[in-house]
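Below: the structure, in structure tokens.
What you see is a predicted model; the values in this text were computed from it and never measured. Order of the sequence lines fixes the chain letters, A, B, ..., with proteins taken first and strands second; residue numbering starts at 1 for each chain.
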Amino acid sequence: MTLLALLLPLGLCAVYGALVPRLLRHGPPALAARLLTLGGLAAGVCSFVSLGLLGFAFIAQLPDIAQRGHWSAAAFRAASPVGRSVAFVALAALGVVTLAAVWVIARRVWAVHRTYRACRRMADSSPTGLVVLDEDRLVAYAVPGRPGRIVVSRDLLARLDRTERRVLLAHEQAHLDNNHHWYQAGAAIAAALNPLLTPLVPAVELALERWADEAAATQIGSRSRVARALGRVAMLRLHVEPAVPPAAFGITSQLALRMRAMLDPPPRVPRIVVGALVASLLVTAAATAGAGARMEVVTDAARSAVSCHTSGALPAKASLHNGAQANPDAMGRGPCRIPGHGS
Amino acid sequence: MARRAAGTLEREVLAVLWAADRPLTAVEVQAELDPDLAYTTVMTILTRLLRKGVVTRERDGRSYAFSPLIEDETLAANQMHALLRARRDRRAVLAQFVGRLDTDDEHLLAELLNEAQSVDEDNR
């Protein structure tokens with residue numbers, strides 16, 4: 001039962017990575033971005049905690065650790081919900097995942113720190129938030145900061161008509177107003193916590209672009225004009241840009257998806273899908289917490305196994321050694337029966 | 001059409017001035033921005049941009065013609081762009097308006113663009 005609870009977060013991550021991007025693909029993008037990012041982070045944290053618990057089950061069986069923690073390694077082993085080999089694999093995975101998460105978080109924080117600093121330096125020269133590059137390339141992106149900046153090349157501005165220009169500015173401003181860089185970072189961290197969540201990264205990216213598209217449509221009052229602006233800028237980039245770098249698969253289809261979505265009626269997602277996702281996250285979190293509590297019970301039992309033996313004739317230290325090494329099987333049978341053993 | 005926040009209008013006016021290849025009068029800015037917008041609103045925004053030091057104006061007959069202040073702005077802008085071009089920072093910058101493209105799908109793109117145009121004309 002406990003092992004099942006410990007493996008549940010891994011299962012949830014697999015489902016979340018494989019299924020949820022598809023479920024939410026055509027949903028309202030702001031909701032999709034939140035569910036993907038926060039749900040992904042929750043699933044990632046659950047899986048991290050469960051790896052931690054499994055790893056602990058391995059460490060707790062090492063004689064040195066058992067001695068330090070004043071419990072019996074053998075008693076722990078007897079009551080442990082997982083075998084040593086599974087626990088060892090989990091411990092190794094925990095190490096890898098911890099390094100990856102620390103690395104990703106550090107890099108993100110550093111990168112965002114740099115864009116914030118760049119925006120601060122621009123404060124005097126671009127009080128409007130719009131930064132125009134005097135360049136012959138078609139550039140348009142948003143730089144997060146307080147406040148953030150919209151960077152556009154003069155060439156692109158000159159080639160757009162007035163509606164397209166407004167769509168472009170509204171789209172980039174929506175990225176900044178809604179702190180989209182933190183969603184990007186959240187998805188990257190979730191993927192670092194559990195590689196099964198990697199598909200969330202492009203899914204969140206698409207949701208954020210769609211979110212900004214919908215925000216632009218609200219501002220200019222037409223969804224089809226946003227679609228047209230997207231198509232026009234794409235055409236410009238194909239024909240004007242001297243060399244469009246060959247793209248990975250799926251990137252063009254992202255643009256097609258965004259245009260398609262703006263031509264279709266406004267998106268909806270069934271409430272039951274949202275409810276099921278939230279419920280699955282809550283169940284997993286509860287199961288992980290339950291597994292943690294169970295691990296505590298097992299540790300306490302292993303601890304009382306030591307004190308039980310200590311109450312006999314042997315001095316504490318000798319008893320610990322006897323318990324841990326000389327007679328590992330004696331633990332489960334004596335008067336100090338471990339509660340829940342064999343469950 | 002939805003009302004725009006002051007900051008939004010400032011950026012839109014500035015974008016119009018940058019897009020033009022010559023200084024524009026307030027009337028021209030109004031036409032290029034949104035003919036429904038009041039002339040006084042455009043004038044207010046232009047004055048505010050002038051005070052912020054991002055545009056400059058010159059006499060054009062009986063009125064003023066406005067243009068973006070290039071020297072100051074582009075220097076800083078290019079510095080920022082160069083700074084963010086460093087690979088490790090790129091992931092923190094929010095994606096290009098239209099991401100990378102593959103010429104293979106130009107056909108599909110043209111179809112969607114046609115559809116968008118026809119939907120747009122229906123709405124008029």
Side-chain angles (χ1 to χ4, degrees), chain A residues 107-108 111-112 114-115 118 122 125-134 140-144 150-152 154 157-158 162 165-166 168-169 171-173 175 180-181 205 209 218-219 221-222 224-225 227-228 230-235 237-238 244-247 251-252 254-256 259-260 263, chain B residues 1-2 4 7-8 10-16 18-21 32-34 49 52-54 68 70 72-81 83-84 86 88-106 108-110 112-117 119-120 122-123:
Chain A
R107 270 168 60 126
R108 285 285 164 167
V112 170
R114 280 180 57 115
T115 68
M122 294 286 304
S125 56
S126 72
T128 58
L130 178 67
V131 175
V132 182
L133 298 170
D134 207 0
Y141 56 84
V143 184
I150 299 171
V151 178
V152 192
R154 182 181 205 168
L157 285 179
R162 64 164 187 254
R165 248 190 329 258
R166 288 188 58 198
L168 174 73
L169 293 179
H171 173 101
E172 300 300 347
Q173 193 60 40
H175 277 320
H180 282 176
H181 57 294
E205 205 153 287
E209 293 304 322
T218 308
Q219 196 175 98
S222 160
S224 61
R225 287 191 179 189
R228 212 175 69 178
L230 286 172
R232 275 263 298 141
V233 174
M235 276 297 184
R237 292 202 60 199
L238 284 178
V244 176
I251 293 188
T252 329
Q254 188 194 31
L255 178 83
M259 285 181 74
R260 181 77 265 154
L263 294 171
Chain B
M1 208 166 273
R4 281 167 267 188
T8 310
E10 280 182 22
R11 285 186 290 274
E12 284 178 11
V13 169
L14 190 59
V16 165
W18 271 100
D21 48 7
E32 185 55 34
L33 187 70
D34 182 353
L49 290 175
K52 287 186 175 178
V54 287
I70 296 179
D72 221 33
E73 169 126 351
T74 42
L75 183 71
N78 288 332
Q79 276 172 354
M80 180 191 218
H81 190 53
L83 186 79
L84 296 176
R88 61 168 176 271
D89 291 327
R90 207 173 287 163
R91 66 192 71 238
V93 170
L94 293 150
Q96 283 262 2
F97 180 58
V98 167
R100 288 196 289 166
L101 295 164
D102 202 332
T103 15
D104 288 354
D105 273 333
E106 202 182 328
L108 172 67
L109 182 60
L112 283 163
L113 197 51
N114 264 338
E115 192 181 333
Q117 247 141 12
V119 172
D120 233 29
D122 290 349
N123 289 346

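To the nearest 0.5 Å, the span separating OG1 on B:T8 from CZ on A:R166 amounts to 9.0 Å. Separation of atoms CG (A:L169) and CZ (B:R11) is listed at 7.5 Å; rounding is to 0.5 Å.
In this structure, the portions of A:L168 lying under 4.5 Å from any heavy atom of chain B include both its backbone and its side chain.
Highest contact tally toward chain A, considering only B:N114, B:L112, B:L49, is held by B:L112 [criterion: heavy-atom pairs under 4.5 Å].
Shown here are the side-chain contact (heavy atoms from CB on, under 4.5 Å) partners of A:R162, two or more places apart in sequence or in another chain: A:R165, B:E32, B:P35. For A:R232, the side-chain contact (heavy atoms from CB on, under 4.5 Å) partners at least two apart in sequence or on another chain are A:E164, A:L236, B:L113.
B:A15 and A:L130 get closest at one heavy-atom pair: N-CD2, 3.9 Å. Nearest heavy atoms, B:A116 versus A:A227: CB-CB, 4.0 Å.
A side-chain donor-acceptor contact under 3.5 Å links A:R154 to the backbone of B:W18.
The shortest side-chain heavy-atom distance between B:L109 and A:M259 falls under the 4.5 Å cut-off.
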